Amino acid sequence: MKVSLFITCLSEMFYQNAAKDVVEVLERLDCEVDFPKGQICCGQPAYNSGYRKDAKKAAKQMIASFEASEYIVTPSGSCAAMFKEYPQLLKDEGEWHERAKKVADKTYEFTQFIVNILKVEDLGATYPAKATYHTSCHMTRLLHEKEAPFRLLKNVRGLELLPLQNNYDCCGFGGTFAVKMAPISEQMVDEKIRHIEESTANVLIAADNGCMMNIKGRIDRKGKAIEVKHIAQILNTRVEGRV
Amino acid sequence: MAMKIGEKPFFDRVDDALEDGFMRNAMAKAQDGLRGRKLNATVGDEQIGDWEEWRSAGEEIRRHTLENLDFYLDQLSENFARQGGHVYFAETAEDATRYIQEVAKKKNAKKITKAKSMVTEEIGLNEALEEIGCEVYETDLAEYILQIDDHDRPSHIVVPSLHKNKEQIRDTFRDKANYTGTSEPRELTAFARSQLRETFMEADIGVTGCNFAVAESGTISLVTNEGNANMVTTFPETQITVMGMERLVPTWNELDVMINLLSRSAVGQKITTYVTNLTPQLEEDSIDAPKEFHLVILDAGRSNALGTEFQSALHCIRCAACVNVCPVYRHIGGHAYGSIYQGPIGAVLSPILGGYEEYGELPYASSLCAACTEACPVKIPLHEHLIKHRENYVEKIGMTGEKMAMKTFGIGVSSPALFKLAVKGMPAVLGPLVKDNSITSGPGPMKLWTSVRKFPAPGKDNFRNWFNDRAKGRE
């Protein structure tokens, strides 16, 4: 199966290890992964801040880069959801609207693609740890994917997945919200960390780098000993039968 | 007073709220409780079938009604007037209060009882009536508490005194009404009841809001739990109901659906204790109905949304389901919004009714987590409206620093070469700031991030190079 990887700007700039894990996992599942070179940022920072024109520029660039792809896969629920927003964003832009629809229809978040398209739930990974999972708002509410990450994590050997109190509450990232409304965002991330601690997990797993950057940044600032991992990093760990 | 709460700037209000540990604790507890109750009465209630179908029906009813608002308002006012009621269309809050003042003067009214109503808060009705010498009595328990506490303002559209605990309420009762009992809720309620008993019977005019008006029969429907609305509408000879012009349904069939959606979403009840339906009556000898019934239908900025992308904001049925799941409201409470309409719907509605100069910050008081949109029983895309407001704000008022940044963003993302350059240059730019693999104190706008958190160090490798090398290695 041919898969075009949209790695996302945060992954590309800050989280390359997780990005590499994404590639390795997909290839292990017999996907032929390519990397469209024209890719940039999905445009969400501009879109969510009210800069529709600038967001459109990003959207068009991304559509041009990905429209020839068979499947578009990205390790972020939020960026995948932004691709799904393109048809609405470009509804008054003539042929772009149709092109946007085609791109949106073949876009999948990483875990969603593995579970729903590749129909694989056990990746043979082993990760002995007490962990909890952060359900990101955009993945669950905009992309409507609530199950895929859990199906995959359920089959990770040695992983004890603990429930997270108020898992549905936002971690306080929200893109520019984190800086524009810093005092409110701070309280939100603190409550999230409090719940993570109460879960007794040592590792927080997530599938959106924005949330991870926020939660991890605050955990580090407070000097807490909780690791934050992208789900691809867990799924690519000590895999059975792998050299 | 009207819609606006407080004079302080937004961030000062937020700071005040964040320092109020008690209030925040109360908000979190209330949210968790209300969320559980709502789930039990909606997706968790097998008797009603698929909750999503109910939501779709609600959305459809509201859309149809708003798309045909002229028709249904005509029908409502005709049916209301035909049965002896008086209808007044108020274009502004001032028009509404002036009309009500005139009715009060004509009736020579001294005492006025009120059932809970946000729309009368919105138009500042109590002050307007006090101005002409009337005594106004709030009879909903929460509103009563706020009123005797020196006219404190509502912090939640369904539970206006959510920011107060029972000890604070006891103290208020003691200081303002010579209460000598404990902080036991039952005892506090009994006290309020005894205080209000006489007032109900002495009132000259009863004032209510309106949950829904039924166009086909000219009926006002009130959804309550305390029974005070029945007292307010039964004893006085004159009744005045104020309704937002969008709060109507075509027929009793739709009323049924909407009341289900409202009571289940607002308080997790299958139906509220009272659903009171009032129609003006022609019969002269009717003993349990007001002799004179005025219906004030209020625009006050609502028509700003008609025919625009914000029209669905008028679908709101004021259940506060969005408020009850909002993580921002959870931490800053209601007063920080500076409007009697708080939470996500407040952030959408307040700028529509009151403008961006006054309420322009509110659409930014959201992480766009979309919990509101998911919770809304009539499927208002609240987070999308917030984005739309931001677009308007940027266009009409503007934010210089951010605009520059986004312009740069616009240029960067329109060229893959520039984007690649930015990614490549990141380690060189941020490198000097990195200590122990993260940035503790950033410059410029990054300071706002690092004031709360560390910023990640840019990765040392270049992902594109890694990917290409890997592909080459395979060839």
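All figures in this text were calculated on a predicted structure; none of them were measured in a lab. Computed from heavy atoms alone, side chains included, the values below leave out hydrogens, waters and symmetry copies. Per chain, numbering begins at 1; letters A, B, ... match sequence-line order.
A donor-acceptor contact shorter than 3.5 Å links the side chain of A/His138 to the backbone of B/Leu368. Side-chain atoms of A/Arg141 do not come within 3.5 Å of backbone N or O of B/Glu374 as any donor-acceptor pair. For B/Arg453 (side chain) and A/Arg221 (main-chain N/O), no donor-acceptor pair under 3.5 Å exists by modelled atom type.
Within the 4.5 angstrom heavy-atom criterion, no atom of A/Glu32 approaches chain B. If you measure heavy-atom distances from A/Lys20 to chain B, the contacts under 4.5 Å come from both the backbone and the side chain. Contact annotation for B/Trp466: only side-chain heavy atoms (C-beta onward) come within less than 4.5 Å of a heavy atom of chain A. Looking at B/Ala471, neither its backbone nor its side chain comes within 4.5 Å of chain A, counting heavy atoms on both sides. Both the backbone and the side chain of A/Tyr47 come within less than 4.5 Å of a heavy atom of chain B. Contacts between A/Ile7 and chain B at a heavy-atom distance below 4.5 Å involve the side chain alone, from C-beta outward. Using a 4.5 Å cut-off between heavy atoms, A/Leu5 contacts chain B through its side chain alone, with no backbone atom that close.
Put simply, the residue from A/Met188, A/Lys192, A/Glu191 that forms a side chain to side chain contact (heavy atoms under 4.5 Å, CB included) with B/Pro327 is A/Met188.
B/Arg390 and A/Tyr51 share no side-chain donor-acceptor pair at under 3.5 Å. Side chains of B/Arg24 and A/Gln187: a donor-acceptor N/O pair is present below 3.5 angstrom, by distance only.
Ion pairing between a basic and an acidic side chain is recognised when a charged N comes within 4.0 Å of a carboxylate O; B/Arg464 and A/Glu12 show such pairing.
In this structure, OG in B/Ser438 is found 11.5 Å from CZ in A/Phe14, a value given to the nearest 0.5 Å. With rounding to the nearest 0.5 angstrom, the CG atom of B/Leu18 is 6.5 Å from the CD1 atom of A/Ile184. Of the inter-residue distances, the one linking A/Cys170 atom SG with B/Arg330 atom CZ reads 12.0 Å to the nearest 0.5 angstrom.
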Margin query: As a quick check of understanding, evaluate side chain to side chain donor-acceptor pair (under 3.5 Å) for A/Asn17 and B/Asp461, giving each step before the final call.
Written below: CA-CA 9 Å; A/Asn17 289 337; B/Asp461 306 340; over 6 Å; no

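Highest contact tally toward chain B, considering only A/Ala182, A/Pro183, A/Ser49, is held by A/Ser49 [criterion: heavy-atom pairs under 4.5 Å].
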